[in-house]
Amino acid sequence: LITNPLWVAYTRFITTKGSALNIETSKNKINPGGNSGGLFSSLLEIARNEGASALWSGMGPSLLLVSNPSVQFVSYEKLKEVLLSLKKEGVSHSQTQIFD
């Protein structure tokens, strides 16, 4: 959540860098040619021109992508716990019997 504005500024710089020779910069646009005052300057320009909420654009998909590994980890830990308890009890099991 905290670093998302940095990634937004970085991504915009990288995606516009290739077309920098063909773009005339104005007061209302971030200078994509690399002549900008740096990351802090880019962050301020994005916030000024598009609003502060633009710095957190793309946050929803990022959080969605983070949820998948966390669900897998919780599932893995629970399954490991069940299998270890069955092994401790000396219960013989097959893969299909675990989920019945």
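Counting begins at 1 with the first residue of the sequence.
For Ser67, the side-chain contact (heavy atoms from CB on, under 4.5 Å) partners at least two apart in sequence or on another chain are Leu64, Ser70. Listed by chain and number, the residues in a salt bridge (charged side-chain N to carboxylate O under 4.0 Å, His left out) with Lys88 amount to none (sequence neighbours excluded). In this structure, Trp56 has no ring-ring contact (aromatic ring centres under 6.0 Å, His included) partners at least two apart in sequence or on a different chain. Glu81 pairs by the side-chain contact (heavy atoms from CB on, under 4.5 Å) definition with Lys78, not counting sequence neighbours.
A salt bridge does not link Glu45 to Arg12: none of the charged nitrogens lies less than 4.0 Å from a carboxylate oxygen.
Looking at every heavy atom in both residues, Ala9 comes nearest to Ile46 through CA-CD1, 4.0 Å.
Put simply, the side chain of Asn4 gets close to the backbone of Leu55: a donor and an acceptor are under 3.5 Å apart.
Atoms OH and OG, on Tyr10 and Ser42 in that order, are 13.0 Å from each other to the nearest 0.5 Å.
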Working for side chain to side chain contact (heavy atoms under 4.5 Å, CB included), residues Leu43 and Leu6: CA-CA 8 Å; Leu43 289 170; Leu6 300 174; 3.8 Å; yes

